[in-house]
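Reading through the structure tokens given below for one structure.
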Protein chains: 2
Amino acid sequence: MAVTVKDVAKLAGVSAATVSRVINDDPRISEETKKRVMECIEQLNYKINNIARSLKTNKTYTIGFICPEIPNEFFMTIAKGIEDWLRKHGYNVIICNSNESIKGEEERIKLLCEKCVDGMIVIPVSNQGKHFNRLKELDIPVVLVDRLVENFTTDAVLIDNINGCYSAIEYLINHGKKRIGFIGGDLRLTSGSERYEGYKRALKDYCIPLEEKIIKFGDFHIQSGYELMKELMEIDDPPQNVFIANYFMHIGATKYLIENKEKLKYPVSITITAG
Amino acid sequence: MAVTVKDVAKLAGVSAATVSRVINDDPRISEETKKRVMECIEQLNYKINNIARSLKTNKTYTIGFICPEIPNEFFMTIAKGIEDWLRKHGYNVIICNSNESIKGEEERIKLLCEKCVDGMIVIPVSNQGKHFNRLKELDIPVVLVDRLVENFTTDAVLIDNINGCYSAIEYLINHGKKRIGFIGGDLRLTSGSERYEGYKRALKDYCIPLEEKIIKFGDFHIQSGYELMKELMEIDDPPQNVFIANYFMHIGATKYLIENKEKLKYPVSITITAG
DNA sequence: CCATGTTATGCACACGATTACATTCTATTT
DNA sequence: AAATAGAATGTAATCGTGTGCATAACATGG
């Protein structure tokens, strides 16, 4: 049905091997036959069969990207960056959605292994992940993004969560704020625990006692930010400054403040961190 | 290196063909050997090589999804739905970004063809697209979503833009609003032109004259909504009701109204349509 | 003139699975 | 007992490429 190297070879009067070499820019092929073969390729509208090529070369030029949520601007902006870069370098990307679940993540990793991807980029859903060991066995390169996985060492692209938050808190303190509330994320994620760590360190270094009732932990989502801000504002003496550990929770928290403007005892200001 | 059917066959004392049949649930294989082969598969941790399988069967169980923008909640919500459904049915999805450009769209289509996908789902960037003809030639099934392409007939999932907008405008009229501004999208997209069509029809049916200066067209993005609402509010006699043809432009438009509350001559209400 | 090097190309097998066809074996029928 | 049918499995070709090795033609040097 489809045109193959053999068809091209026959038309050009050469062997299939020669056609293959032309396709792969083998320098040993003479300019003359190269030109002739190219013309035949054009004429027959030959398209290489990447499946066959991959079977032979063991390379798919495909990278898998697993993220916890697809309709999420933070993750998708990363996805776009990955896709742009890899495309320029001849690779393409399969974007998968682990759906915030370890089981989902495990399934996608399995899927991508079966798809024979050349490598994977993963934003882990938690710091637990023995399913990553499969990748070590199969010798598939992995790069983690934003979060780490325990007992699995590999390259990773991370935010300096601790120092980033430390600086933010330090800034507030230097501007005279001493009672700073904290709305953080899941402590099982490095992005959750490390940002909390930065908060704690800054307070400690400036001799401000940790005040448990103005510290709340959510799940990095809008709704969670809304609820935690509500809890925070409903205690007897709410803080006037609140540090929020990510963008989405900040949206929820802001929403609460706007909706309940008149209820607040005094103005509240918010500081957030990237991610 | 990797375990193949041959290795399993040798261990189980059968032929490679039998192993293949077990994998594919061929009913002719006796329960006994089936069980033995399965054990060997388990023991060797055999994983099928989908590349080889695809080469032989001409099926990849992969569907390509091309959308104009990846970090876009509207498109990604669709992507999630597609992925969920297809996964359940044994397929997986390659999500591509045409980047709002015809050239980008053409490239992705080419890419997916070379990847030998079994089919494609496309949200076209415009109503122009002769590059779609390639798919006809290669006999690759396509489903369009949200927008149509001229001179290319295939299945499509569409919103009833005309009647949807008609109803919205009708609703406003029935509630006593007679002067209704319109902020629409690119007329080269069906989602742009059809929604405008619905607006026009409703006005006509209720004998309300079309007033050009309160009709604006943008590009369905937030910024565009902001600017058009600005233009609309800066004319001498701005409309008190505005219909906005999609979600993102509505965000921008609302932003303008909130930021310029005090400037407005009177309250303005907004009605939007899905998508 | 022979030995050797260089260049251009062909041959044939391999990649790992699927599958049409052939074979073997057992059970049943005539 | 021979013939036949049916079930279970094996044999071998095939999918479309890539590539090590062999080959052939020609040039170069001694």
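Numbers restart at 1 for each chain; the letters A, B, ... are given by sequence-line order, proteins then strands. Computed from a predicted structure; not experimentally measured. These numbers come from the heavy atoms of this one structure, side chains and all, not from hydrogens, waters or symmetry mates.
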For [X], what residues pass the side-chain contact (heavy atoms from CB on, under 4.5 Å) criterion, not counting sequence neighbours?
X	value
I251(A)	I222(A), Y247(A), F248(A)
H131(A)	I102(A), E105(A), E106(A), I109(A)
K56(B)	none
L138(A)	C113(A), R134(A), I140(A)

Q) Quick one: are L55(A) and I51(A) in side-chain contact, heavy atoms under 4.5 Å? A) no

Q: Assign S54(A) to base, sugar-phosphate, or nothing according to its heavy-atom contacts below 4.0 angstrom with the strands shown.
A: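 S54(A): no heavy atom of the nucleic acid under 4.0 Å.
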
Q: Please work out if L55(B) contacts a base, only the sugar-phosphate, or nothing of the nucleic acid, heavy-atom cut-off 4.0 Å.
A: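 The residue L55(B) makes base contact.
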
Q.
Distance check, rounded to the nearest 0.5 Å: I95(A) atom CD1 versus I121(A) atom CD1?
A. 10.5 Å

Rounded to whole Å, how long is the line connecting atom [atom1] of [X] with atom [atom2] of [N]?
X	N	atom1	atom2	result
Y61(B)	dA17(C)	OH	P	16 Å
E114(B)	dT17(D)	CD	C1'	15 Å
K10(A)	dG10(C)	NZ	C1'	16 Å
E31(B)	dA8(D)	CD	P	9 Å
K6(A)	dT17(D)	NZ	P	9 Å
E32(B)	dT9(D)	CD	C1'	13 Å
I29(A)	dT19(D)	CD1	P	13 Å
N49(A)	dT14(D)	CG	P	18 Å

**Q.** Counterpart residues, ring pair (Phe, Tyr, Trp, His ring centres under 6.0 Å), relative to Y91(A) (two or more places apart)
**A.** Y61(A)

Q. Salt bridge (Lys or Arg N to Asp or Glu O under 4.0 Å): which pairs involve residues 66-81 of chain B, sequence neighbours left out?
A. K80(B)-D84(B)

Q. Who pairs with T57(A) by side chain to side chain donor-acceptor pair (under 3.5 Å), at least two apart in sequence or on another chain?
A.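 Expected list: none.
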
**Q.** Bending between helix ends of the helix from dC1(C)-dG30(D) to dT30(C)-dA1(D) [5 pairs per end, 10° resolution]
**A.**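 For the helix from dC1(C)-dG30(D) to dT30(C)-dA1(D), the axes at either end differ by 60°.
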
Q. What ring pair (Phe, Tyr, Trp, His ring centres under 6.0 Å) pairs are there with at least one residue in residues 100-122 of chain B, not counting sequence neighbours?
A.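 Listed once each, the pairs would be none.
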
**Q.** Partners passing salt bridge (charged side-chain N to carboxylate O under 4.0 Å, His left out) against R147(B) (at least two apart in sequence or in another chain)
**A.**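 Scan of R147(B) (salt bridge (charged side-chain N to carboxylate O under 4.0 Å, His left out), adjacent residues dropped) gives none.
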
Q: Verify the contact: side-chain N or O of S30(A) to OP1 or OP2 of dT9(C), cut-off strictly under 4.0 Å; return yes or no.
A: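 Answer is yes, contact under 4.0 Å.
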
Q) OP1, OP2 of dG16(D) versus side-chain N and O of T4(A): anything below 4.0 Å? A) no

Q.
Nearest heavy atom decides the nucleotide; on that basis, is N58(B) or K34(B) closer to the 5' end of DNA chain D?
A. K34(B)

Report, one pair per line, the protein and nucleotides 26-28 of chain C atoms (nitrogen or oxygen only) whose separation is under 3.5 Å.
none

(Q) Within the 4.0 Å limit for protein heavy atoms, which parts of nucleotides 18-25 of chain C are touched? Write it as a string from 5' to 3', B for base, S for sugar-phosphate only, - for none. (A) BBBB----

Q | Lys/Arg-Asp/Glu bridge criterion (N-O < 4.0 Å) met for E137(A), K47(B) | A |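 No.
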
